[in-house]
Amino acid sequence: SPFYYRGVLIDSGRPLWEGIIEGILIQIGVWTICLTTFLCFFLTSIFLFGILKKLPTFEIRYSRLLVLLFLIVPVNHARISLVVFDYSSAYFLFFLGWLILVRYRSIKSFIFSWLVLFLSLKTHSLLFFVLLPFLHFVWLNKDEIKISKKLRVVHVQVFLIASLPINYL
């Protein structure tokens, strides 16, 4: 059963949503995990390019070089995709959440971004790296944060992003 694997993960202290996608994909066929792992790494590179475009001090040629590195380095991971699927899906969710956070301004997109970043924390090493989207968001909104003397939406958003690791734990 696809949910047996999920039960084992939950019993070992993993998050509740752990193993759902893996269980469904394994039922379809192991090849789906290989394909999904490849797509996760590929799409993450596209997300990274979008994130780097929001940094005005980062030149486009350096963005392209860094994205090329992101595309080339994990190619070998597709061979061991069953082992790294958890990591690659968390990696995908992390960069998707970061891109949405810095690219779109609506409350709906912020909530979706916060949720996606929260789900990405299933790989515990990303707990620390939430600092990067947090700092990027604060930097993009620094004028609005400084000007305002009273509590505004951006202050609540900053608080929610800062509290992500604490909420996860």
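Below, each value reflects all heavy atoms present in this structure, side chains not excepted, and no hydrogens, waters or symmetry copies. This structure is a prediction, so every number in the text was calculated from the model and none was measured.
The two residues Val130 and Ile161 make their nearest non-hydrogen contact at CG1-O, 4.0 Å. For Ser109 against Ile100, the heavy-atom pair with the smallest separation is O-CG2, 3.4 Å. Gly97 and Ser113 get closest at one heavy-atom pair: O-OG, 2.7 Å.
Summarising the geometry, atom CG belonging to Leu39 is positioned 11.5 Å from atom SG belonging to Cys34; distances are rounded to the nearest 0.5 Å. Ile51 contributes atom CD1, which lies 9.0 Å from atom CG of Leu96 (distance to the nearest 0.5 angstrom). To the nearest 0.5 Å, atoms CD1 (Ile33) and CD1 (Ile26) are separated by 4.0 Å. Distance check, rounded to the nearest 0.5 Å: CG of Leu160 to CZ of Phe118 gives 12.0 Å.
Note on ring orientation: taking the six-membered ring where Trp is involved, the planes of Phe41 and Tyr87 are tilted (angle from 30° to 60°). Ring pair Phe42/Phe38 is parallel by interplanar angle, where below 30° counts as parallel and above 60° as perpendicular.
Looking only at side-chain heavy atoms (C-beta outward), Phe92 and Phe47 come within less than 4.5 Å of each other. In this structure, Lys54 and Leu99 have side chains that are not in contact, with every pair of non-hydrogen atoms separated by 4.5 Å or more. For the pair Leu52/Tyr62, no side-chain contact is recorded, criterion being any heavy-atom separation below 4.5 Å from C-beta on. For the pair Asn141 and His136, the minimum side-chain heavy-atom distance is 4.5 Å or more. Counting heavy atoms from C-beta outward, Phe70 and Phe95 have side chains that approach closer than 4.5 Å. Considering only heavy atoms from C-beta on, Leu131 comes within 4.5 Å of Phe134 through its side chain. Thr44 places none of its side-chain heavy atoms less than 4.5 Å from the side chain of Phe49. The shortest distance between side-chain heavy atoms of Thr36 and Leu25 falls below 4.5 Å.
Each of Ile46 and Leu65 belongs to its own hydrophobic cluster when Ile, Leu, Val, Met, Phe, Trp and Tyr are linked at side-chain heavy-atom distances under 4.5 angstrom.
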Start with the C-alpha gap between Leu140 and Arg105, add the side-chain angles, then the distance that decides, and say whether side chain to side chain contact (heavy atoms under 4.5 Å, CB included) holds. CA-CA 11 Å; Leu140 289 173; Arg105 296 284 183 195; 4.1 Å; yes
Take Ile107 and Gln157 through the side chain to side chain contact (heavy atoms under 4.5 Å, CB included) test and state the conclusion after the steps. CA-CA 9 Å; Ile107 296 297; Gln157 289 174 324; 3.9 Å; yes
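Listed for the Ser88 side chain is no donor-acceptor partner under 3.5 Å among the backbone atoms of Cys40.
No close placement of the Phe110 and Trp114 rings is indicated, their centers lying 6.0 Å or farther apart.
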